[in-house]
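Labels below follow one simple rule: chain letters A, B, ... track the order of the sequence lines, proteins then strands, and each chain is numbered from 1. Computation of the quantities below employed the complete heavy-atom set of this structure, encompassing side-chain atoms and omitting hydrogens, waters and symmetry-equivalent molecules. As the structure is a computational prediction, the values presented were derived from the model and not from experiment.
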Amino acid sequence: MSFLTAVLSVKQGAKTLLETPFELKAHGVTALFGPSGAGKTTLLSALAGLIPNQHTRGSVIHSKYGPWETEQFHLAPEKRGIGLVFQHQQLFPHLTVGENLSYAQKRQHDGPKLTFDEIVAIFGLGPLLKRHPQALSGGESQRAALARALINAPRLLLLDEPLAALDWTARTEILSALSHIKTELQLPMVYVSHQWDEVIQLADHVQMMEKGTITRSDSLAALTTDIDFITQEQRLASAILMTQVSGHLPDERLTELALGDQTILVPMITAKPGTDVRLLIRMLDVSLVAEPVARSSILNTLACRVAHIKDHEGAALILLACEGQFFNARITARSKRLLELEVGQPIFAQIKATALNSPGPQDG
Amino acid sequence: MEQDLITLGTSIRLAGFTTIILAIFGTPLAWWLARSQSPLTAICIPLLALPLVLPPTVIGFYLLLAFSPQHFFGAAWLDWFGSSLAFSFEGLLLGSLVYSLPFYIQPMVVAFKAIPGTLLDAAKTLGAGWLDRFFTVILPLSKNGLLIAATLTFTHTLGEFGIVLMIGGNLPGETRVLSIALFDYVETLNYDKAHLLAAGLVGFSLLAMVLIQWLTKDRVARPAEDLR
């Protein structure tokens, strides 16, 4: 069911920035994915009501709260109950982190919410509450900004490339915090990004955007099994596999995940058996063997089939199909020759896997 | 001495009212000038800066004409309030408002322009309405600009001479202000009293500048201070 329906057109002078219909599902994370300049930020700003009337035409209708925008009517952004987090410079510099959070708490909307303390814990802000924003690192600022938006109890959270300016460690931390939020709160989110690896870690639905228009709208599961789609250049580096928790091995601190009939072991996570878990598989963490190796430091070997081969700068990219899902391996041309790889051939993949959307390994 | 205290009182009243009235009406005007994309601002900005470059006697001359009951504005004022504006405290106050307007507006426009739009967008989405944003985000972030604008307006009104002479005259307790009194003392070669007033104004202005310097100092803790 879609809970937000929009038809929007935004013009700046003679230039059209946005001209598109847009529908949003009531549940989960919808990623807006596309190159910079595609109009993603403009779309979010228009949904939030931040673009002045004279530049906007169209409508935004919320299935529960009624119209936000029509030809005659513009609901002020402060009355829409939308949370917005963008790349930088959004914390109030005259307030401490704690005061920034209180500012949002005093003005709460009526969306789903967690307590102040829960949010502070999820984003690890305890030691930072008394600091001013000027004294924070980029990652700390973004954690505080996300926490502030969530404490505000929005009905809908819009995230405009919140990780774009951050290094890899900070991004990983925040992505896992967001995955956690996603499982804790029934809060619809729109996540704007031009990084495919962020999209696959978080999104349930993906809307592709180009030149101011939504060009494709699909579930992530449908996109990750669409070979034409995932063999395009920028989507090769990492993939996800959708799995379920099948059991825990507390003595070895491992969790068993089921991928079809096969089992994958990952460092122990807290999720209950049956819970859906996303596994992030990076292309460079996959190696191929003709037969399963009995003794290896790599825990996981998956029986796969070669789905596609692509020569790429002296190396070969091998698209592997496993239980109806796909991931990539990048091997040398020499290995490809030695393994005599051909499309359709069975092969074994040794993988290092990281489980996502979980609070991480449990201690004790 | 008693005469000088009355004069001091008039000066402070004039400067005080000018500052307060400009803070109330000048602040929204400065916001509009800083943030509006209306083409009207292109005319208003130079127009409002005009008192900075015009000789005060020119402004005084036109104000005097406007205040005269022979002209529309002066006549209307006389009709409403039953007293003439020329050579009255109210007239002097109106003149000061015109003359000091750019000294209030300019620092406020600079301060308002320096506020990142992203902070205002953040405040909007967090649910802060217009007044709420003004008092919780805009004012605190332009605190320094406000202090500078108010101090400049106050000290500047205190020191104005040319306009006062043109429209105020020199009535003790009504329009006789410090700068005029100083001029009188020098004319009559009463240098002792002139020294007292002049040195007092120097002292006061210096104090005001030091106060601004101290109040606008950036006292937000830096990371190094956090470690202590």
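Summarising the geometry of B/Ala128 relative to A/Glu78, their closest heavy-atom pair is O-CB, 3.6 Å, with the distance given to 0.1 Å. Heavy-atom minimum distance, A/Phe92 versus B/Leu119: CE2-O, 3.4 Å. The minimum heavy-atom distance between B/Val137 and A/Tyr103, with the atom names listed, is CG2-OH, 3.6 Å.
By number of non-hydrogen pairs under 4.5 angstrom with chain B, the leading residue of A/Arg148, A/Arg80, A/Gln108, A/His88 is A/Arg148. Counting heavy-atom pairs closer than 4.5 Å to chain B, the top residue among A/Gly83, A/Ala48, A/Pro77, A/Ala145 is A/Pro77.
When heavy atoms are compared at a cutoff of 4.5 Å, A/Leu50 approaches chain B solely by way of its side chain, counted from C-beta outward. A/Ile151 does not touch chain B: none of its heavy atoms, backbone or side chain, sits under 4.5 Å away.
Separation of atoms CD (A/Gln89) and CG (B/Asp121) is listed at 11.5 Å; rounding is to 0.5 Å. The structure places CG of B/Leu126 at 6.5 Å from NE2 of A/His109, a figure rounded to the nearest 0.5 Å.
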Go through the steps to decide whether A/Gln90 and B/Thr125 satisfy the test side chain to side chain contact (heavy atoms under 4.5 Å, CB included), and finish with yes or no. CA-CA 11 Å; A/Gln90 51 199 320; B/Thr125 56; over 6 Å; no
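For CZ of B/Phe161, the number of neighbouring non-hydrogen atoms (other residues, nucleotides, ligands) closer than 6.0 Å is greater than 12. The 12-atom threshold is not exceeded at CD of A/Gln186, counting heavy atoms of other residues, nucleotides or ligands nearer than 6.0 Å. B/Phe61 CZ: 12 or fewer foreign heavy atoms inside a 6.0 Å radius. Within a 6.0 Å sphere centred on CD of A/Glu118, other residues, nucleotides and ligands contribute more than 12 heavy atoms. At most 12 non-hydrogen atoms from other residues, nucleotides or ligands lie less than 6.0 angstrom from CD of B/Gln213. Annotation: B/Phe81, atom CZ; neighbour count of heavy atoms from other residues, nucleotides and ligands within 6.0 Å is above 12. More than 12 heavy atoms of other shown residues, nucleotides or ligands fall within 6.0 angstrom of atom CZ in A/Phe73.
Annotation: side chain of B/Thr136 is not in contact with side chain of A/Lys106 (no heavy-atom distance under 4.5 Å).
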